[in-house]
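Predicted, not measured: the structure shown is a model, and the values here were computed from it. Chain identifiers are assigned alphabetically (A, B, ...) following the order of the sequence lines, protein sequences preceding nucleic acid strands; residue numbering begins at 1 within each chain.
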Amino acid sequence: MTDTLRPQQDALHRTVLAWYSAHARELPWREPSAGPWAVMVSEFMLQQTPVKRVLPMYQAWMERWPTPADLAAAPAGEAVRAWGRLGYPRRALRLHAAATAITEQHGGEVPLDHAALLALPGVGEYTAAAVASFAHRQRHVVLDTNVRRVFARLVDGREYPPVATTAAERRTAAELLPDEPETAATWAVAVMELGALVCTARTPACGECPVARECAWRRAGYPAHDGPPRKGQTYAGTDRQVRGKLLAVLREAHGEVPQSALDSVWADSVQRGRALDGLVADGLVEPVAPGVYRLPG
DNA sequence: GAAACGTGGAG
DNA sequence: TCTCCAAGTTT
């Protein structure tokens, strides 16, 4: 950062960090006792999934598999089953695969290095940065949907960030990131928390916002989002819904499942077959004999 | 870069 | 009821 902006940034940092220390939620993966594995598990579960729904699954998961080696020792299908209705079950498979890689290639310890984290199954740019920052207290740009929205409003004066992450967003986040690693790590989670609790997507609580006075969006009079419409997702009638129904049957039946049990959840046999093939291709379902399926061993 | 990938709660 | 959205990753 430039020297002229430094006093301004220091003030911003202090304000947000003070807000965080007063308002941060107490979440199990933020406890001092939570190690890198706990952080990694929480990050996988939190991908596109609200905290409220993650909490109970997370608790059960960590009790059952307290270390990567514990999870790696279990069949992948057990991970898929324990994932329950969290959604995007491929995450369970990838978390299991990540645990296996950590056990076999990293001596059972979650890697410290951002690049090594990124190489793990299911770990993308965000999750690698989050684990390196939150668990290992390193300095990284952590850009999730909350942070992008906060900066879009605070810095760019827009209601929402662009559809896809841009270089400009990365630059903004990098410039605002405190120099000291420990401070940067807390700043990252603090901005995220601000986006989750105050600077929310639907109805932001600007009256509670510690940086409202500095907010470009507020200064501009809260202009409504203009750009291209934000992607809406349809679900009813899609292959996704069928996959969900099929996998639910497999999860709840402990053991092998006959074709007839799967046939009963969706009438359209063409779509049903396509969905089942997809699940098998993804490794979420294992054919054990003609017309017999189960979760992967 | 677009599209696929689950599920449930809130407004 | 129906749309929007939630700590993204992979192909």
Side-chain angles (χ1 to χ4, degrees), chain A residues 20 24-25 27-30 34 38-58 80 83-95 97-98 117-135 140-150 159-167 173 185 188-197 199-204 225 228-251 265-266 271 274-275 277-279 281-285:
Chain A
Y20 180 72
R25 290 168 291 181
L27 299 171
W29 46 87
R30 289 181 184 165
V39 173
M40 175 170 281
V41 169
S42 75
E43 291 303 337
F44 267 77
M45 291 186 169
L46 288 163
Q47 289 169 4
Q48 299 286 283
T49 308
V51 167
K52 182 178 180 180
R53 283 179 45 215
V54 164
L55 280 170
M57 309 307 293
Y58 168 85
V80 173
W83 200 254
R85 305 187 65 79
L86 265 187
Y88 291 143
R90 287 190 292 195
R91 290 183 293 167
L93 221 45
R94 289 173 181 153
L95 181 52
L117 286 163
L118 197 53
L120 295 172
V123 176
E125 180 57 43
Y126 162 76
T127 301
V131 173
S133 179
F134 305 158
H140 291 281
V141 168
V142 181
L143 264 193
D144 80 322
T145 187
N146 290 302
V147 175
R148 295 183 61 218
R149 186 176 55 248
V150 169
E159 184 178 18
Y160 297 119
V163 174
T165 304
T166 63
V189 71
V191 175
M192 202 177 300
E193 191 77 337
L194 186 62
L197 299 183
C199 194
T200 54
R202 213 70 79 82
T203 46
H225 177 72
R230 318 181 70 206
K231 59 166 184 179
Q233 353 170 316
T234 52
Y235 182 63
T238 61
D239 285 6
R240 245 153 122 176
Q241 183 184 21
V242 183
R243 286 167 58 106
K245 285 182 175 296
L246 292 173
L247 202 57
V249 172
L250 275 294
R251 267 200 316 265
V265 301
W266 198 258
Q271 188 177 24
R274 187 171 64 227
D277 287 347
L279 289 170
D282 288 346
L284 283 163
V285 173

Less than 4.0 angstrom between a side-chain N/O of Arg94(A) and OP1 or OP2 of dT10(C), yes or no?
no
Rounding to 0.5 Å, atoms CZ (Arg90(A)) and CG (Leu284(A)) come to a distance of 7.5 Å
Nearest to the side chain of Ala201(A), heavy atoms from C-beta on, is which of dA6(C), dT7(B), dT9(C)?
dA6(C)
Tell me what Arg149(A) touches on the nucleic acid: a base, only sugar-phosphate, or nothing, going by heavy atoms under 4.0 Å.
sugar-phosphate
Under the salt bridge (charged side-chain N to carboxylate O under 4.0 Å, His left out) rule, collect the residues that match up with Asp239(A), sequence neighbours excluded.
Arg274(A)
Suppose you measure atom P in dT11(C) against the same atom in dG6(B); what distance do you get, rounded to whole Å?
14 Å
Would you mind telling me which of dA10(B), dA7(C), dG8(C) lies closest to the side-chain atoms of Lys52(A)?
dA10(B)
Could you give the distance separating dA2(B) and dA7(C) at their P atoms, to the nearest angstrom?
22 Å
Nearest heavy atom decides the nucleotide; on that basis, is Pro121(A) or Val51(A) closer to the 5' end of DNA chain C?
Val51(A)
Donor-acceptor pair present, Arg240(A) side chain and dG6(B) base, under 3.5 Å:
yes
Nearest to the side chain of Tyr160(A), heavy atoms from C-beta on, is which of dC5(C), dT7(B), dA6(C)?
dC5(C)
Looking across every strand, which nucleic acid part, if any, lies under 4.0 Å from Trp29(A) by heavy atom: base, sugar-phosphate, or nothing?
base
May I ask you to say what Gly87(A) touches in the nucleic acid, namely base, sugar-phosphate or nothing, with a heavy-atom cut-off under 4.0 Å?
base
Minimum side-chain heavy-atom gap Leu279(A)-Leu246(A) below 4.5 Å
yes
Look at the side chain of Arg202(A) and decide which nucleotide, out of dC5(B), dA6(C), dC5(C), has an atom nearest to it.
dC5(C)
Could you measure the distance from the OG1 atom of Thr238(A) to the CD atom of Gln241(A)? Nearest 0.5 Å is fine.
6.0 Å
Interatomic distance, Leu284(A) CG vs dG6(B) P [rounded to whole Å]:
7 Å
Rounded distance (Å) that lies between atom C1' of dT10(C) and atom CD of Gln47(A):
11 Å
Over all strands shown, is Arg274(A) touching base, sugar-phosphate only, or nothing at heavy-atom distances under 4.0 angstrom?
nothing
What is the distance, to the nearest angstrom, from the CG atom on Asp282(A) to the C1' atom on dT9(C)?
13 Å
I need the CD-C1' distance between Gln48(A) and dG8(B), as an integer number of Å.
14 Å
Regarding Thr127(A), tell me which of base, sugar-phosphate or nothing describes its non-hydrogen contacts under 4.0 Å with the strands shown.
sugar-phosphate
If you assign Pro50(A) and Thr203(A) each to the DNA chain B nucleotide with the nearest heavy atom, which residue ends up on the more 5' nucleotide?
Pro50(A)
Integer-rounded Å distance: dA7(C) P and Tyr58(A) OH:
18 Å
Under 4.0 Å between any heavy atoms, over every strand shown, what does Leu86(A) touch: base, sugar-phosphate, or nothing? Just pick one.
base
Please give, in whole Å, the distance from dA7(C) P to Phe134(A) CZ?
12 Å
So does Arg53(A) reach the base of dT7(B) with its side chain, donor to acceptor, closer than 3.5 Å?
yes
Among dA7(C), dC5(B), dG11(B), which nucleotide has an atom closest to any side-chain atom of Asp144(A)?
dA7(C)
Hey, does Val123(A) reach any base, or is it just sugar-phosphate, or nothing, if we go heavy atoms under 4.0 Å?
sugar-phosphate
Side-chain heavy-atom pair Tyr126(A), Thr145(A) within 4.5 angstrom cut-off
no
Mind checking if Thr145(A) touches a base, just sugar-phosphate, or nothing, with heavy atoms under 4.0 Å?
sugar-phosphate
Round to a whole Å and report the spacing from OH of Tyr235(A) to C1' of dC2(C).
16 Å
Any donor-acceptor pair under 3.5 Å linking the side-chain atoms of Arg53(A) with those of Tyr58(A)?
no
Is there a side-chain contact between Leu95(A) and Trp83(A) (heavy atoms, below 4.5 Å)?
yes
Separation of Glu125(A) atom CD from dT10(C) atom P, in whole Å?
11 Å
